[in-house]
Number of protein chains: 2
Amino acid sequence: MNGFLGTYSVNMDEKGRLNVPSKFKAILEKSYDSNLVVAVMDNFLIAFPQKEWQINEEKLSSLSGLEREDRQKMREFYSRASECELKSGKILVPQFQREIAGLNKEVVLVGMSKSFEIWAGDRWNKL
Amino acid sequence: MNGFLGTYSVNMDEKGRLNVPSKFKAILEKSYDSNLVVAVMDNFLIAFPQKEWQINEEKLSSLSGLEREDRQKMREFYSRASECELKSGKILVPQFQREIAGLNKEVVLVGMSKSFEIWAGDRWNKL
DNA sequence: AGCATAGTGTCTTAATGTGTCATAAAGTGT
DNA sequence: ACACTTTATGACACATTAAGACACTATGCT
C-alpha cells in the first residue's frame, strides 16, 4: 500500500481539532495505529505515525549529545513536538503548535508518503 | 502483452468518475491490479499502475524527511498525487486534480505504455 | 470547593463517493 | 447488412465522510 498522498482541505473546529481524511485514516489503520507525533518544521507542522517518528528519533540519536549544535538541533525538534492520538477520527493540535503554524479554521493536509504535513490554508496557498 | 496504447475519449460523470476503456482494463487485470496512482504533470494527469508508481517512489526514498530542500522536492511529488482504485470499472478523480487538469465532461485518455495520461478534451484538441 | 478553560464523545446535516441497473452505442462475427 | 456481444453512458439509490453543534468530562487555578 502507498503512503500518504494528495492534498486535503479540512476545517478545524473551535477547540483545535481536525478531521483526518478517510484516506489517511485508512493508511493509519492498515499500516500503523492511532498514535501520531506532531512536530514543528519552520512554519508548518509534520504529523508522523508513531513508528515513523521512532525512525527519525534513531537518526537523531546518532548526533552527539555533547556537541552544542547537535544539542541545539535536537532541542528544536523535541521541544516543540507533541503526541496526538487520533480520537473519534480527529486529532487535537495543541494550542502552541497552532500558534506557530498560524492555524485558523482553514487547514490543508499534505501527504508526504510516510508522514503528512499540516499547513495553515493561507500559508499553503502562498507557496 | 503490450502496455497502454491509443487514445480514448470518455465522459466523466457529475461526480468526477470516468470509465476506464476495456483495453486498459484488460491490461490492468493482466499485468497489474486495480490500484492506480494519479499524479499531476503540468496541465494534465498521469495514471500509473501501483507497481510503476513504486519505481518512481523508490527514486525519492533516498531523500531525508528532515531536510528542508528534500522535503520541498518530496512535496511537489506527493502532494499532487492520489490513489485511485478502479471500482466498478471506473476511477474517481479527486476534485483538486480535476481542477488542475481542467477536466469537465469530455476527457481523453492517452496510452503511454506503462502509464496513461488523462487530458481535458479541449486541452488535448489544442495540442 | 467552585470556576474557567481545555479536551472529548456523540449526533445531525450536507456533501461526497460508490454500486447497480437500464439504455444506448460501438464493435464483432457470419 | 444483420444479429449478437461487449462496452459506455447516465440515472438513481445507497453508503460514507466531513462539518458543525452541543453536551459532557477532565484539568488546573484561586
Side-chain angles (χ1 to χ4, degrees), chain A residues 4-30 33-38 45 47 82-101 103-111 116 118-121 124, chain B residues 4-30 33-38 45 47 81-100 103-111 116 118-121 124:
Chain A
F4 304 102
L5 292 178
T7 304
Y8 296 87
S9 178
V10 298
N11 291 340
M12 214 169 58
D13 69 17
E14 338 80 74
K15 306 294 189 67
R17 282 189 298 180
L18 46 87
N19 226 320
V20 176
S22 62
K23 295 257 182 184
F24 285 8
K25 258 186 267 186
I27 295 166
L28 289 170
E29 274 165 27
K30 187 142 195 200
D33 60 23
S34 61
N35 286 107
L36 295 168
V37 176
V38 177
L45 308 175
S82 77
E83 224 171 87
C84 293
E85 202 184 344
L86 186 73
K87 283 171 183 161
S88 312
K90 302 173 184 188
I91 54 173
L92 176 71
V93 179
Q95 177 70 29
F96 81 93
Q97 290 184 332
R98 274 182 266 156
E99 280 167 19
I100 296 171
L103 302 187
N104 294 303
K105 189 174 173 195
E106 197 207 340
V107 168
V108 175
L109 302 185
V110 186
F116 60 90
I118 303 172
W119 287 82
W124 174 255
Chain B
F4 304 102
L5 293 177
T7 304
Y8 296 86
S9 176
V10 298
N11 290 341
M12 213 170 59
D13 69 17
E14 338 80 75
K15 307 291 188 70
R17 284 190 297 180
L18 48 87
N19 225 320
V20 176
S22 62
K23 296 256 181 181
F24 286 7
K25 258 186 268 186
I27 295 166
L28 289 170
E29 273 165 28
K30 186 142 196 199
D33 60 23
S34 62
N35 285 107
L36 294 169
V37 176
V38 177
L45 308 176
S82 76
E83 215 172 274
C84 294
E85 203 183 345
L86 188 73
K87 283 171 183 161
S88 313
K90 303 173 184 188
I91 55 172
L92 176 72
V93 179
Q95 175 73 26
F96 81 94
Q97 291 185 330
R98 275 182 266 155
E99 280 168 18
I100 296 172
L103 302 187
N104 294 302
K105 191 173 174 196
E106 197 206 341
V107 168
V108 176
L109 303 184
V110 185
F116 60 90
I118 303 172
W119 286 82
W124 175 254

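Below, chain A is the first sequence line, B the second, and so on; all start at residue 1.
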Report each atom pair, protein N/O against N/O of nucleotides 22-29 of chain C, whose distance is under 3.5 angstrom.
none

Rounding to an integer number of Å, can you tell me how far [X] [atom1] sits from [N] [atom2]?
| X | N | atom1 | atom2 | value |
| --- | --- | --- | --- | --- |
| E14(A) | dA4(C) | CD | P | 19 Å |
| L28(B) | dT7(D) | CG | C1' | 16 Å |
| Y8(B) | dT6(D) | OH | P | 17 Å |
| L109(A) | dA18(D) | CG | C1' | 12 Å |
| I91(B) | dG17(C) | CD1 | P | 13 Å |
| L18(A) | dG20(D) | CG | C1' | 14 Å |
| L86(B) | dA8(D) | CG | P | 11 Å |
| E106(A) | dG20(D) | CD | P | 11 Å |

Minimum side-chain heavy-atom gap L109(A)-I118(A) below 4.5 Å: yes
Beyond-backbone contact of L103(A) with L45(A), side-chain heavy atoms, under 4.5 angstrom: yes
Other residues, nucleotides, ligands: >12 heavy atoms within 6.0 Å of E85(A) CD: yes
Other residues, nucleotides, ligands: >12 heavy atoms within 6.0 Å of K25(A) NZ: yes
Mind checking the [atom1]-[atom2] spacing from [X] to [Y]? Nearest 0.5 Å is all I need.
| X | Y | atom1 | atom2 | answer |
| --- | --- | --- | --- | --- |
| E106(A) | N11(A) | CD | CG | 7.5 Å |
| S22(B) | L28(B) | OG | CG | 11.5 Å |
| W124(B) | S9(B) | CH2 | OG | 11.0 Å |
| I91(A) | N35(A) | CD1 | CG | 12.0 Å |
| L92(B) | K87(B) | CG | NZ | 8.0 Å |

Partner set under salt bridge (charged side-chain N to carboxylate O under 4.0 Å, His left out) for R98(A), not counting sequence neighbours: none
Whether Q97(A) side chain and V38(A) backbone form a donor-acceptor pair below 3.5 Å: yes
Side-chain donor/acceptor of K23(A) to backbone N/O of E83(B), under 3.5 Å: yes
Kindly say if [X] contacts the phosphate of [N], meaning a side-chain N or O under 4.0 Å from OP1 or OP2.
| X | N | result |
| --- | --- | --- |
| S22(B) | dT7(D) | yes |
| N11(B) | dA8(D) | no |
| K25(B) | dT7(D) | no |

Please write out each protein N/O paired with an N/O of nucleotides 6-10 of chain C under 3.5 Å, distance rounded to 0.1 Å.
residue	atom	partner	partner atom	Å
dG7(C)	N7	K15(A)	NZ	3.1
dG7(C)	O6	K15(A)	NZ	2.5
dT8(C)	OP1	K87(A)	NZ	2.4
dT8(C)	O4	K15(A)	NZ	3.2
dG9(C)	OP2	S88(A)	OG	3.4
dG9(C)	N7	R17(A)	NH1	3.0
dG9(C)	O6	R17(A)	NH2	2.5

Angle by which the axis turns from one end of the helix from dA1(C)-dT30(D) to dT30(C)-dA1(D) to the other, five pairs per end, to 10 degrees: 30°
Candidate pair F24(B) and Y8(B), rule ring pair (Phe, Tyr, Trp, His ring centres under 6.0 Å), full reasoning: CA-CA 10 Å; F24(B) 286 7; Y8(B) 296 86; 5.1 Å; yes
All side chain to side chain donor-acceptor pair (under 3.5 Å) counterparts of W119(B), not counting sequence neighbours: E117(B)
Pairs: protein N or O with nucleotides 27-29 of chain D N or O, under 3.5 Å:
none

